[in-house]
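Worksheet: one structure, shown below.
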Amino acid sequence: MSTTTTGEAPLIAGVELGGTKCIAILSSGPDRILEEVRVPTTHPDETLPALEAALDGWRGVAAIGIASFGPVSIDPESADYGKITSTPKPGWAHTDVARRLGARYGVPVGFHSDVVGAAMAEARWGAGRGLGELAYVTVGTGVGAGMIAHGRPVDGLTHSEFGHIRPPRLPGDDWPGACPFHGACVEGLASGPAIAARTGIKGEDLPHDHPAWDTVVHALTTLFATLTLTGVPRRIVLGGGVMVGNPHLLPRLRAATAASLNGYVALPAVADMDTFIVPAALGGNAGPLGAVVLGQMALADRRSAAAIAAG
C-alpha cells in the first residue's frame, strides 16, 4: 500500500464491517470511488485476510477508516482499543481490527461503530448535509443509533447503545422480546429478527395493518423521543432494512413521536416532523462512506498533532 497522493483530496480506504458482509472502498467521497470490494462476514480468520488482500493492492491510501458492527472499543487509551468486544456474532468477540490494520499499513486509522459512521456520511453528503448535529438510526438486523455534534461523534467512555434501552410496554403485551441480552429492549422488539420471531413472518412480508407494527412503532417512538430529548440532533435520519422495506412506517413514526413529545421541545426544527425525521439518502453506501469520513478525521487529527509538535 503506497501513501502517495495527487493534488486531489487524499484517498481513504473505508472499511465497513457488517453482520453479513464487509465492504471496502478506496475513495475521497461519493463522487470518487475508485475501488470497491465485498467479502462475506464469516470468521475473522477468513474475512480480515480477504479484506487485507484487497487493500494490499490499493495505491495512494492516506488513511484507513473502519465502521464496524459492535459493540466496539473506541477509547485509544484502553487496552482493547480497536477491538470488537461483546458481540453475540460467533467468533468475532474480542477481535482486533483497528490496531491490526494500522500496524499492517502504517497510516492513520479511524475506528468507530457502524451507525456513527453512517451518521457521519449522512451529515457530510446525505440527508443531513450541512448539519453539524445529527442522529442516525438503523432498524434492520439490529437497532442502533449514532449521534454527532459539531461534526464529530458524541461519545466518551464508549459509543452509545440506544437500541438497547427498554421502552415501556404496551398494555397487554407480555412477549419477552428477542434480544439475547435484554429481552424486550428496542432492538428486541423492533428489529427484523424480532419481528420475524414474534410473527413468524419477515418484516418486508408483514402486512401493514398487522397488529405487531403497533409494538414496533411504540418501541421506536420511545427511542426517537429519547434522542430528541438529549438536545443534540437537529435531524433524525433513518436507515436499515426494516425502514426501507416498509414505507408505511415513516408517517406513523412521525405522528407518534410528535404525540410523545407533546410540544415539549418547542423549536421549529422539531415541530416540523416531515423534516425532522427523514429517510437516509446514501442507501448502501452510507456505511463505507462513513468509514471514509472516519479515515479523513484520523488523517486530519494526525496532521494537526504533527503541526503542534513542530511548533
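Quantities reported herein were computed from a predicted structural model and do not represent experimental measurements. All values below were derived from every heavy atom in this structure, side-chain atoms included, with hydrogens, water molecules and symmetry-related copies excluded. Along the sequence shown, the residues carry numbers beginning at 1.
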*Would you please classify the geometry between the His164 ring and the His182 ring as parallel, tilted or perpendicular, with 30° and 60° separating the classes?*
perpendicular

_Would the distance check show the side chain of Trp92 and the main-chain N or O of Thr42 forming a donor-acceptor pair, the cut-off being under 3.5 Å?_
yes

*Between Asp272 and Arg235, is the closest basic N to carboxylate O distance under 4.0 Å?*
no

*Shortest non-hydrogen contact from Ser73 to Asp80?*
OG-OD1, 2.8 Å

*asked:* Would the distance check show the side chain of Asp96 and the main-chain N or O of Arg100 forming a donor-acceptor pair, the cut-off being under 3.5 Å?
replied: yes

*Determine whether the side chains of Asp114 and Ser68 contain a donor N or O and an acceptor N or O closer than 3.5 Å.*
no

*Take Trp213 and Arg252, measure what side chain to side chain contact (heavy atoms under 4.5 Å, CB included) needs, and give me the verdict at the end.*
CA-CA 10 Å; Trp213 288 120; Arg252 290 191 62 182; 3.6 Å; yes

*Pick one: which of Val242, Val244, Leu238, Val139 meets side-chain contact (heavy atoms from CB on, under 4.5 Å) with Leu249?*
Val242

*Check for a donor-acceptor pair, side chain of Ser260 on one end and backbone N or O of Thr257 on the other, with a separation under 3.5 Å.*
no

*Is Arg169 salt-bridged to Asp174, cutoff N-O under 4.0 Å?*
no

*Establish, from distance only, whether the side-chain atoms of Ser191 and Glu187 form a donor-acceptor pair under 3.5 Å.*
no

*Please confirm whether the backbone N or O of Pro71 pairs with a side-chain atom of Thr85, one donor and one acceptor, at under 3.5 Å?*
yes

*Any Lys/Arg nitrogen of Arg152 or Asp301 sitting under 4.0 Å from an Asp/Glu carboxylate oxygen of the other?*
yes

*Hey, is CZ on Arg99 packed in by over 12 heavy atoms from elsewhere, all under 6.0 Å?*
yes

*Between Leu223 and Tyr136, is there a shared hydrophobic cluster once you connect ILVMFWY residues whose side-chain heavy atoms come closer than 4.5 Å?*
no

*Does a side-chain N-to-carboxylate-O contact under 4.0 Å join Arg124 and Glu122?*
no

*Over all heavy atoms of both residues, which pair between Ala54 and Val37 is shortest? Give the atoms and the distance, please.*
CB-CG1, 3.6 Å

*asked:* Within this structure, what is the OG1-CG distance for the pair Thr226 and Leu220, rounded to the nearest 0.5 Å?
replied: 11.5 Å

*Sub-4.5 Å side-chain heavy-atom contact between Ile74 and Val116*: no

*Considering non-hydrogen atoms only, spot the tightest contact between Gly240 and Thr138 and give its length.*
CA-OG1, 3.5 Å

*Between His248 and Asp209, does any side-chain donor sit less than 3.5 Å from a side-chain acceptor?*
no

*Evaluation steps, side-chain hydrogen bond (donor to acceptor under 3.5 Å, both in side chains), between Asp155 and His112*: CA-CA 10 Å; Asp155 52 43; His112 220 297; 2.5 Å; yes

_Derivation of the side chain to side chain contact (heavy atoms under 4.5 Å, CB included) call for Lys21 and Ile23_ = CA-CA 7 Å; Lys21 67 180 179 298; Ile23 304 173; 3.9 Å; yes

*In the single-linkage hydrophobic clustering (I, L, V, M, F, W, Y; side-chain heavy atoms under 4.5 Å), do Ile66 and Leu282 co-cluster?*
no

*Asp214 versus Val216: any side-chain heavy-atom pair under 4.5 Å?*
no

_Met147/Thr230 under side chain to side chain contact (heavy atoms under 4.5 Å, CB included): CA gap, chis, key distance, verdict_ = CA-CA 10 Å; Met147 286 200 297; Thr230 67; 3.7 Å; yes

